[in-house]
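Okay, so here's the structure we're looking at.
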Amino acid sequence: MYRDPHSDPAPRSVSRGDPAAPLKVLTLNLHKGFTAMNRRFVLPALKAAVQHCDADIVFLQEVLGQHDTHAQRVHGWPAQSQYEYLADTIWRDFAYGRNAVYPQGHHGNAVLSKFPIVAWRNQDVSVHTIEKRGLLHGQLDWKPRGKTLHVVCAHLGLLESQRQEQIRRLVTLINEQVPADAPLVVAGDLNDWRQRGHPALLQAGLREVHHSLRGRLARTFPARMPVLPLDRIYVRHLEPVSVRVLSQAPWNRLSDHAAVLAEVS
């Protein structure tokens with residue numbers, strides 16, 4: 001089992017129909033299925049690692065919906081989209097938000113879910129045409145709790161001015177589209193390395209899981225020696241239970257970002 005020896009104990013295996021079972025959440029910037037600097041195609045290994053986590057909900061950023069050039073030139077390229085390939089028979093539902101479109105294809109954010117996705121919408125939050133970004137908002141039928149669980153998969157811009165505007169739009173989405181009493185998970189690559197966007201999300205009533213349990217935001221970038229706190233899992237009306245930064249082998253060879261795995265209840 002892949003495990004950071006300095007992390008919390010591995011989340012226990014529980015029945016998905018148990019109302020008391022914690023919700024297991026994974027977030028990962030997929031880097032389009034390639035290692036840092038695009039040196040190697042590692043999507044099959046990523047699939048095995050992601051499936052091993054057995055998360056209920058997987059939040060993915062930089063996932064390719066289509067790339068015609070890679071499909072012709074890269075050995076082992078899947079016949080379907082990357083999010084469908086990863087979902088396989090494990091996650092029965094998935095949603096994809098196409099953000100960036102180019103001649104070879106497109107990429108964006110995706111959510112894989114073991115619970116039915118009853119509604120979803122991708123909101124374009126691009127500040128300019130050069131860097132396309134989106135917020136993928138889904139509503140899940142959380143059957144064990146008899147509730148509608150709202151999820152938002154986020155990938156924010158590289159520039160501070162972009163992020164501040166995108167966080168403002170994220171807060172507006174939460175205030176206008178998520179009922180005040182509904183459980184909510186917001187996860188993804190926020191690129192908020194200066195942590196200037198974090199206070200605004202706390203003011204919106206969110207709690208960041210790693211910050212709540214460890215007293216600081218998780219360092220996730222670069223994956224081989226994480227120093228920047230880019231990847232986050234925020235919750236509202238859910239209680240943080242455990243969290244792990246997946247920065248050890250094999251994860252540190254599968255993307256330029258470390259994944260974050262958490263349990264909330």
Side-chain angles (χ1 to χ4, degrees), residues 25-34 36 38 43 46 50 55 57-67 81-83 86 94-102 105-113 120-138 150-174 177 184-198 200-201 204 206 208-210 217-223 226 228-234 246 254-260 262:
V25 175
L26 176 74
T27 185
L28 170 66
N29 184 316
L30 199 67
H31 201 237
K32 303 172 186 174
F34 291 87
N38 297 323
L43 192 64
L46 263 170
V50 169
I57 308 169
V58 180
F59 295 76
L60 300 171
Q61 306 87 50
E62 289 194 25
V63 56
L64 281 166
Q66 178 182 340
H67 199 291
S81 65
Q82 289 187 342
Y83 57 89
L86 292 172
F94 46 79
Y96 170 67
R98 185 175 67 177
N99 295 332
V101 181
Y102 30 83
H106 49 83
H107 72 264
N109 300 333
V111 172
L112 316 181
S113 174
W120 66 272
R121 174 178 177 266
N122 192 51
Q123 180 175 328
D124 184 358
V125 293
S126 306
V127 176
H128 56 62
T129 58
I130 297 175
E131 192 178 50
K132 303 294 287 185
R133 302 295 187 184
L135 301 173
L136 179 60
H137 173 209
H150 287 252
V151 299
V152 179
C153 186
H155 189 194
L156 304 187
L158 295 173
L159 298 178
E160 185 68 41
S161 59
Q162 291 178 325
R163 288 194 300 274
Q164 290 300 323
E165 173 60 21
Q166 289 159 352
I167 287 173
R168 186 191 69 78
R169 296 183 194 181
L170 171 57
V171 171
T172 298
L173 182 156
I174 293 169
Q177 300 181 37
L184 167 67
V185 180
V186 178
D189 174 8
L190 271 62
N191 275 313
D192 182 32
W193 61 277
R194 293 182 176 177
Q195 304 182 38
R196 293 181 177 177
H198 178 64
L201 296 175
L206 300 176
E208 205 285 322
V209 174
H210 196 279
L217 296 170
R219 296 172 183 172
T220 60
F221 184 88
L228 299 179
L230 303 189
D231 302 86
R232 319 263 177 90
I233 299 176
Y234 288 90
L246 305 178
L254 298 179
S255 175
D256 57 347
H257 287 246
V260 181

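Everything quoted here is computed from the prediction, not taken from an experiment. Scope of the values below: all heavy atoms of this structure, side chains included, with no hydrogens, waters or symmetry mates.
- Considering CG of Leu159 and NE2 of His128, their distance stands at 5.5 Å, rounded to 0.5 Å.
- Put simply, the side chain of Val171 reaches to within 4.5 Å of the side chain of Leu201, judged on heavy atoms.
- Counting only heavy atoms from C-beta outward, the side chains of His106 and Tyr96 approach each other to under 4.5 Å.
- In this structure, CG on Leu230 lies 10.0 Å from CD on Gln195, to the nearest 0.5 angstrom.
- Pairs of residues two or more places apart, or lying in two chains, that qualify as salt bridge (Lys or Arg N to Asp or Glu O under 4.0 Å) and include a residue from residues 156-172 are Glu160-Arg163, Glu165-Arg168, Glu165-Arg169.
- Side-chain contact between Leu173 and Leu135 is present, with heavy atoms from C-beta onward closer than 4.5 Å.
- Atoms CG and CZ, on Leu136 and Arg98 in that order, are 13.5 Å from each other to the nearest 0.5 Å.
- Between Leu64 and Leu30 the shortest side-chain heavy-atom distance does not fall below 4.5 Å.
- Test Ile57, Val260, Leu112, Leu246 against Leu26 for side chain to side chain contact (heavy atoms under 4.5 Å, CB included) and you get one pass: Leu246.
- Two residues are said to be in side-chain contact when any heavy atoms from C-beta on lie closer than 4.5 Å; Tyr234 and Leu190 meet this criterion.
- Nearest heavy atoms, Leu46 versus Leu254: CD1-O, 3.5 Å.
- Inter-residue side-chain proximity for Leu86 and Val58 is flagged as unmet; no heavy-atom pair is nearer than 4.5 Å.
- Remark: Leu206 CG to Arg232 CZ distance equals 12.0 Å, nearest 0.5 Å.
- Tyr102 and His67 share no donor-acceptor pair across their side chains, judged by distance under 3.5 Å alone.
- Remark: Leu158 engages Glu131, Arg133, Asn191 in a side chain to side chain contact (heavy atoms under 4.5 Å, CB included) (not counting sequence neighbours).
- For the pair Gln61 (side chain) and Cys153 (backbone), a donor-acceptor distance under 3.5 Å is absent.
- Here the rule is side chain to side chain donor-acceptor pair (under 3.5 Å) with Thr220, and of Asp256, Asn29, Asp231 only Asp231 fits it.
- Among all heavy-atom pairs drawn from Ala223 and Ser255, the shortest one is CB-O, 3.4 Å.
- Within the 3.5 Å criterion, the main-chain N or O of Val125 finds a donor-acceptor partner in the side chain of Gln166.
- Atom-to-atom distance recorded for Leu60:CG and Lys32:NZ is 14.0 Å, nearest 0.5 angstrom.
- Closest approach of Tyr83 and Ala110 over heavy atoms only: CB-CB, 3.8 Å.
- What you find for Ser81 and Gly65 is that their closest heavy atoms are CB-O, 3.5 Å.
- Annotation for Val209 and Ala262: closest pair CG1-CB, 3.9 Å, computed over non-hydrogen atoms.
- For the pair His210/Leu217, no side-chain contact is recorded, criterion being any heavy-atom separation below 4.5 Å from C-beta on.
- Among all heavy-atom pairs drawn from Gln164 and Gly197, the shortest one is NE2-N, 3.9 Å.
- Interatomic distance, Phe59 CZ to Leu28 CG, rounded to the nearest 0.5 Å: 12.5 Å.
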Between His150 and His137, does the ring-ring contact (aromatic ring centres under 6.0 Å, His included) criterion hold? Intermediate values first, please. CA-CA 7 Å; His150 287 252; His137 173 209; 5.2 Å; yes
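- The shortest distance between side-chain heavy atoms of Glu62 and His257 does not fall below 4.5 Å.
- Shown here are the salt bridge (charged side-chain N to carboxylate O under 4.0 Å, His left out) partners of Asp189, two or more places apart in sequence or in another chain: there are none.
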